[in-house]
Amino acid sequence: MKKPSMSQVMLAFAAPLAAAVVSIVISSLAVLASKKSPIDAYKTMWEFGTQAGSLLEVLNTATPYYIAAIAIAVTFRAGLFNIGVEGQLRLGALFSAYLGAKFVLPPIFHVLAVFLIAMTVGGIWAAIAAYLKVKRGVSEVISTIMLNSLAGGLTSFLFSQYFAEITEGSNNLTTKTLPESARMPDLMPLLNKLGVEDQPGGGVYGMLLVAAALGVAFWFIVNRTRFGFELRASGANPIAARVSGVNSKRMVFYALVISGAIAGLSGLPAVLGDTHSYTMGFRSGIGFSAIAVALLGRNGAVGMAFSALLFGFLEVSSRSLELIDIAPETYVIMQGSILLSSVIAYEVVRRYKITLQSKELAKAVA
Amino acid sequence: MKLKSTKLLLNATLLILVLSIIRLITGASDLTSIGTASAALLLSVPIVLAGVGGLFSERSGVVNIGLEGMMILGAWAGGFIGSKHGPWLGLAAAIFFGAVGALVHAVATITFGVDHVVSGVAINIIAAGLVRYLSTLLYQGGSWPGPSQSPDISSIATNGLPVLSGGTYAGWHSPDILTPLAEKHWFFISDVAAILRGLTGDLSYVTVVAIAVVPLSFFILWKTSFGLRLRSAGEAPIAAESLGVNVYLMKYAGVLISGGLAGLGGGFLAIVAANHYQENQVAGRGYIGLAALLFGNYRPGGILAGAGLFGFADALQLRDSAAIHALILLIVLVLAYLVYRDIRKGKHVSAAISAIMSAAFLWFYLAVDVLPGQLVTMTPYIATLLVMSLASQRLRMPAADGIPYRRGGLR
Amino acid sequence: MSVAVELRHISKRFPGVIANKDVSMKVETGTVHALVGENGAGKSTVMKILYGMQRPDGGEILVNGQAVNFKNPNDAIDASIGMVHQHFMLADNFTVLENIILGAEPKHGITIDFAAARKKVADMSAAYGLDVDPDILVEELGVGQRQRVEILKVLYRGARILIFDEPTAVLVPQEVDDLFNALKGLRAEGMAIIFISHKLDEVLRVADDVTVVRAGSTVAEVKSKDVTARQLAELMVGSELPQPTTHGDTRRPEITLALKDVSIPTKSGSRDLISHISFDLHAGEVIGIAGVEGNGQAELVEAIMGLREYTGQIEFKGENIDHFTVAHRHDAGIGLIPEDRQRQGLMMASPLWENRILGHQRSKPVMRGFVLDKKATIADTRTIMQEFDVRAPGPQTLAAALSGGNQQKFIVGREMSKAPSLLVASHPTRGVDVGAQAAIWEELRRAREKGMAVVLISADLEELIGMSDRLLVMLRGAITAQLDPQKTTPEQLGSAMTGAK
């Protein structure tokens with residue numbers, strides 16, 4: 001195999017770079033619109049965001065994004081689109097917090113049991129969409145969107161009517177606190193050993209390690225196994241995949257259910273690492289941001305890790321904008337413009353690559 | 001054509017008959033009340049607009065999941081401009097903002113060939129984020145009462161169908177024949193009267209315009225050369241190109257019209273259905289509009305029927321949860337019909353599944369007296385899923401829908 | 001007679017490919033002028049240029065003596081040029097009438113004047129003998145009728161210069177006769193007709209003049225009465241055309257494939273897609289399936305491959321395989337060259353080595369256990385590329401970058417690499433150049449001698465007759481005739497295909 005040429009390396013970076021430039025321009029315009037200096041904004045964000053405490057928080061923010069993005073990428077690679085991660089992760093978090101507090105197991109097993117609950121619930125919820133797609137021909141895009149709304153209603157119903165208890169001394173509803181054995185250990189002691197000092201405001205979710213392991217597993221299964229090949233083939237050309245012997249209906253089912261199961265896990269970082277229960281303030285929108293993370297990361301294990309960290313960084317660091325009277329919501333504009341400009345840039349580069357290859361081909365044949 | 005309208009009338013009569021029977025059994029009078037019919041109409045309008053918007057886009061070959069985002073932009077613009085410059089300008093701004101969102105979708109999908117669903121979802125995410133950002137700015141600037149709510153918008157005048165449903169014409173107050181009839185609670189007759197009164201009385205002018213979009217879209221798409229060319233871009237773009245049709249132009253037109261209509265639908269939500277913009281006002285109606293489009297098999301009349309169905313479900317859940325409870329009985333009946341159909345076709349397994357589900361719903365109906373609020377709000381989404389699962393297999397989508405197109409058939 | 005169209009030194013380059021180097025031709029009014037050349041010689045490109053779909057990099061186009069510069073098909077249509085495309089340019093979900101008037105709709109105020117359009121189309125149909133119902137959906141039409149719609153489309157726009165791009169490729173001989181009669185009628189009306197083809201006997205039958213292109217350049221302009229098919233072939237490819245032939249009887253006693261009463265019923269309960277198909281295929285035998293497209297050949301392939309549910313039994317090497325999945329059948333030793341290589345056989349956006357895996361993802365050399373062996377796959381891909389002369393830089397090249405002929409050779413190589421006992425070959429040489437065609441035929445011959453059984457489906461009647469040991473004719477889903485290829489002419493086969501006695 002030949003080493004990648006200089007132009008190929010350049011091409012690989014061209015798209016993200018172009019996307020970054022465009023999104024900086026758009027975000028700057030947004031800041032300018034509120035009559036503030038974009039330079040000040042970026043400087044403040046950078047200074048705040050690169051503090052050690054902020055960086056740890058970036059990791060915590062990025063962890064659920066990454067897991068959820070993997071869930072979405074599984075379907076993307078198969079030519080499907082699971083928009084329902086938001087609902088799957090919410091139900092997964094609720095049930096695992098509620099059921100996980102009902103029993104006691106030895107430490108590691110208890111955590112694994114909680115994982116299993118979250119994955120089962122997420123998988124079952126996604127299986128509805130899979131069933132509708134395979135048996136009734138309903139587009140998974142529409143059905144998962146509807147299932148998101150249903151999951152929202154269902155969780156608030158179950159939570160408020162059956163699962164929640166009122167915490168003493170406040171009006172907050174939460175589920176029963178998970179026992180010690182069902183919690184994910186914090187990574188801070190580990191980081192201490194690596195020379196990172198304790199930071200005010202807390203530690204690092206243990207789920208970070210699970211996310212990393214998932215990323216490796218995702219890469220290996222998709223790129224190096226028969227199942228992964230058949231998944232990708234179904235995405236690249238579903239008809240040819242079927243002709244080659246892939247059971248396309250089963251593949252749709254597997255992809256969506258696996259995606260739902262992973263999505264179920266993505267609701268756990270906060271539950272197992274921070275609140276130890278499902279609360280009213282459960283963070284919403286992870287499943288939607290994760291779509292952007294997956295798209296920006298080209299559905300690759302490494303790319304999505306970078307984009308999850310980027311999104312986490314933007315979100316955490318933009319809080320500092322309040323100090324200079326800029327709306328922190330600016331980060332939404334940044335994320336949105338990065339998303340849109342990157343999908344366009346990737347497409348442009350893809351077309352250019354085919355042209356380039358045709359030229360190489362002509363040279364080789366001539 | 002004649003046959004079609006006869007059949008339509010027959011089906012409508014049948015539906016009302018079933019509803020009045022259920023009303024009699026359950027005593028849920030709101031099932032067929034004037035208020036429900038009028039609310040159903042009001043809630044159908046944004047879905048009709050989104051659905052017809054989707055029709056233009058998908059008939060030109062561009063899948064438009066971004067309808068939701070375009071509606072969000074329209075709703076926000078309706079609240080922003082409407083509260084400043086009055087409702088009519090607000091609606092114009094809604095159309096404009098929806099079209100701007102559509103322009104982004106068009107540039108990404110048509111010019112750059114980005115996957116249509118990806119671009120659409122990106123637009124939904126961006127639209128939601130953008131209006132949140134802008135609302136926050138306005139709130140911080142002191143001109144909005146909250147970071148998620150616009151000031152109130154003055155309302156648009158309403159009128160009714162003369163003679164039957166009241167209303168005022170050049171100072172003449174029309175009689176209102178249907179209302180007293182509806183109040184008699186006669187079986188079937190009062191139900192029909194109430195529904196007619198609800199659909200034709202106290203209509204906002206905008207509602208009339210919006211409903212007129214349905215026949216207008218049929219006329220444009222099937223009777224004019226612009227429509228023929230637009231549809232050709234969705235059916236066989238390369239053939240169209242070979243005959244000198246500017247396929248890019250047609251697709252841009254389709255997507256922009258789509259965005260304008262979706263924006264109007266959003267504006268309608270803020271200005272007519274409510275009297276201010278509120279975050280999450282759209283709440284998936286863009287997607288439901290898309291579902292109505294699929295239910296209607298890419299035809300304007302079908303979209304109207306689908307939107308009516310969703311509007312009805314939405315109206316019931318907003319007005320009266322007892323009526324939704326009664327509606328469970330309707331589900332039981334529909335499932336029972338499916339059992340009958342499957343047995344006749346010899347499909348015993350699916351008949352058994354339907355029978356079990358029917359029994360489960362019947363049990364649920366008998367066991368629960370009042371549905372909790374959180375579950376009631378799920379009605380339109382469940383309706384969408386049910387309808388899609390029944391309608392999806394007979395779909396005939398435009399042949400080149402969703403396929404990126406490049407001049408000269410390049411990849 | 002005057003010159004209707006003149007092309008002078010047309011050149012056109014695509015990214016990396018020179019489609020036209022130097023094409024010149026002169027077409028007179030009231031003649032049929034053939035443009036011949038093998039697949040990939042640049043015929044279609046030059047016609048797309050003349051029709052305004054592409055713009056030339058160099059050269060001149062003169063229409064009726066005037067230099068023209070077409071930016072798009074509209075300009076060409078305005079200059080009264082019309083084109084009947086090889087792949088029909090029709091919207092299936094539109095009526096015949098809608099297809100014909102699209103882009104040139106008669107108006108009545110702001111609406112389309114359908115009544116006027118219908119009358120004009122009816123008049124034209126009658127005048128040129130191109131009978132077709134204007135209000136029927138195109139999807140309900142057969143191939144011959146679709147072509148009529150294409151011709152009407154062109155005439156409707158008042159074309160006087162008509163381009164026919166490979167019009168006979170999908171027609172049976174009788175339909176070809178009808179078409180040629182229509183062409184003669186149009187010629188008598190004083191129209192100029194450009195007839196693109198690589199079927200030389202047809203060219204000599206219908207054309208007055210012939211222009212030959214090879215590798216993007218005009219190499220000869222001759223009168224058809226002055227040349228023979230052999231001379232034209234030599235001008236076209238520089239040597240004799242390859243002939244589809246097999247040598248001797250290599251049939252072995254064992255039966256590789258046996259179909260017993262195989263049918264595919266439709267859900268709606270109307271006529272079966274294929275009905276009661278039975279035949280035995282021996283090792284070392286090629287069975288040719290003839291039939292007008294859409295008469296059940298595709299469904300037959302799907303049944304054999306397990307892609308569709310059927311009734312009846314299929315036996316492979318003596319074993320009943322009805323319960324085998326698609327994957328199982330591949331692995332048991334059935335190879336498939338699919339009808340549409342891009343849609344059914346390749347992942348266009350993936351590199352060749354990944355395409356190598358497709359259909360073989362369950363066994364060596366691609367897999368090592370359940371893990372994909374990338375190194376071995378790439379090495380094996382390179383071997384296939386060498387053995388089958390797939391011209392591309394390497395296994396990393398995207399499938400989309402290859403020419404049609406090279407894609408097809410790659411697919412043949414991929415399927416042959418597992419030495420299948422049975423090869424189902426659907427249109428194995430459709431749209432490939434002469435070199436690739438000869439290579440593919442040679443490969444089939446060699447494998448046949450080694451005992452491979454072949455189900456050959458083709459629209460090229462000479463290929464069917466030349467390569468098959470036995471011919472079965474399919475009509476409306478059933479086998480209606482069995483013929484001995486050595487005693488069958490294309491005309492007889494064509495008659496059998498249309499059900500004519």
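None of the values given here were measured: they were computed from a predicted structure. Below, chain A is the first sequence line, B the second, and so on; all start at residue 1.
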Considering all heavy atoms of both residues, which atom of [X] and which atom of [Y] are nearest to each other, and what is their separation?
| X | Y | answer |
| --- | --- | --- |
| A:L340 | B:A122 | CD1-CB, 4.0 Å |
| B:L290 | A:I142 | CD2-CD1, 3.9 Å |
| A:A292 | B:I125 | N-CD1, 4.4 Å |
| A:R351 | B:G113 | NH2-CA, 3.4 Å |

I'd like to know which of [options] tops the heavy-atom pair count under 4.5 Å against chain B.
| options | value |
| --- | --- |
| A:F288, A:F157, A:Y346 | A:F157 |
| A:L132, A:I128, A:T330, A:N148 | A:T330 |
| A:S337, A:S139, A:S149 | A:S149 |

Could you tell me the separation between the [atom1] atom of [X] and the [atom2] atom of [Y], rounded to the nearest 0.5 Å?
| X | Y | atom1 | atom2 | answer |
| --- | --- | --- | --- | --- |
| B:M388 | A:K133 | CE | NZ | 10.5 Å |
| A:I145 | B:Y381 | CD1 | OH | 11.5 Å |
| A:I83 | B:I65 | CD1 | CD1 | 5.5 Å |
| A:E347 | B:T111 | CD | OG1 | 12.0 Å |
| B:L386 | A:R136 | CG | CZ | 10.5 Å |
| A:Q335 | B:I126 | CD | CD1 | 10.5 Å |

message = Report which part of B:V121 has an atom under 4.5 Å of a heavy atom belonging to chain A: side chain, backbone, both, or neither.
response =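 The side chain, not the backbone.
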Is chain B contacted by the side chain of [X], its backbone, both, or neither, given a heavy-atom distance below 4.5 Å?
| X | value |
| --- | --- |
| A:V332 | side chain |
| A:S289 | neither |
| A:V348 | side chain |

inquiry  = Tell me which of these, B:V117, B:I123, B:L137, has more heavy-atom pairs under 4.5 Å with chain A than the rest.
reply    =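 Looking at each of B:V117, B:I123, B:L137 in turn, B:V117 comes out on top.
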task = Evaluate the side-chain proximity of A:F76 to B:V118: yes if any heavy-atom separation is below 4.5 Å, no if none is.
result =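 Yes; the side chains approach each other to less than 4.5 Å.
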task = Please tell me if the side chains of A:L150 and B:L385 come closer than 4.5 Å, counting only heavy atoms from C-beta onward.
result =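 They are in side-chain contact.
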query = Do any of residues 128-136 of chain B come closer than 4.5 Å to chain A, heavy atom to heavy atom, and if so which ones, in number order?
reply =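 Listed by number, the contacting residues are B:G129, B:L130, B:R132, B:Y133, B:T136.
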query = What pairs with B:F80 under ring-ring contact (aromatic ring centres under 6.0 Å, His included), at least two apart in sequence or on another chain?
reply =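 Partners of B:F80 by the ring-ring contact (aromatic ring centres under 6.0 Å, His included) criterion, ordered by chain and then number, come out as B:W76.
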Side chains of residues 26-33 of chain A: which donor-acceptor pairs under 3.5 Å do they make with residues two or more places apart or in other chains?
{"unit_1": "A:S27", "atom_1": "OG", "unit_2": "A:S23", "atom_2": "O", "d": "2.6"}
{"unit_1": "A:S28", "atom_1": "OG", "unit_2": "A:I24", "atom_2": "O", "d": "2.6"}
{"unit_1": "A:S28", "atom_1": "OG", "unit_2": "A:Y42", "atom_2": "OH", "d": "2.9"}

task = May I ask you to check whether over 12 heavy atoms, not counting those of A:E322, lie within 6.0 Å of atom CD?
result =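 Not buried by this count: 12 neighbours or fewer within 6.0 Å.
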task = Mind jotting down which residue pairs meet the salt bridge (charged side-chain N to carboxylate O under 4.0 Å, His left out) criterion with at least one end in residues 107-120 of chain B? Sequence neighbours excluded, please.
result =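 Of all non-adjacent pairs touching residues 107-120 of chain B, none passes salt bridge (charged side-chain N to carboxylate O under 4.0 Å, His left out).
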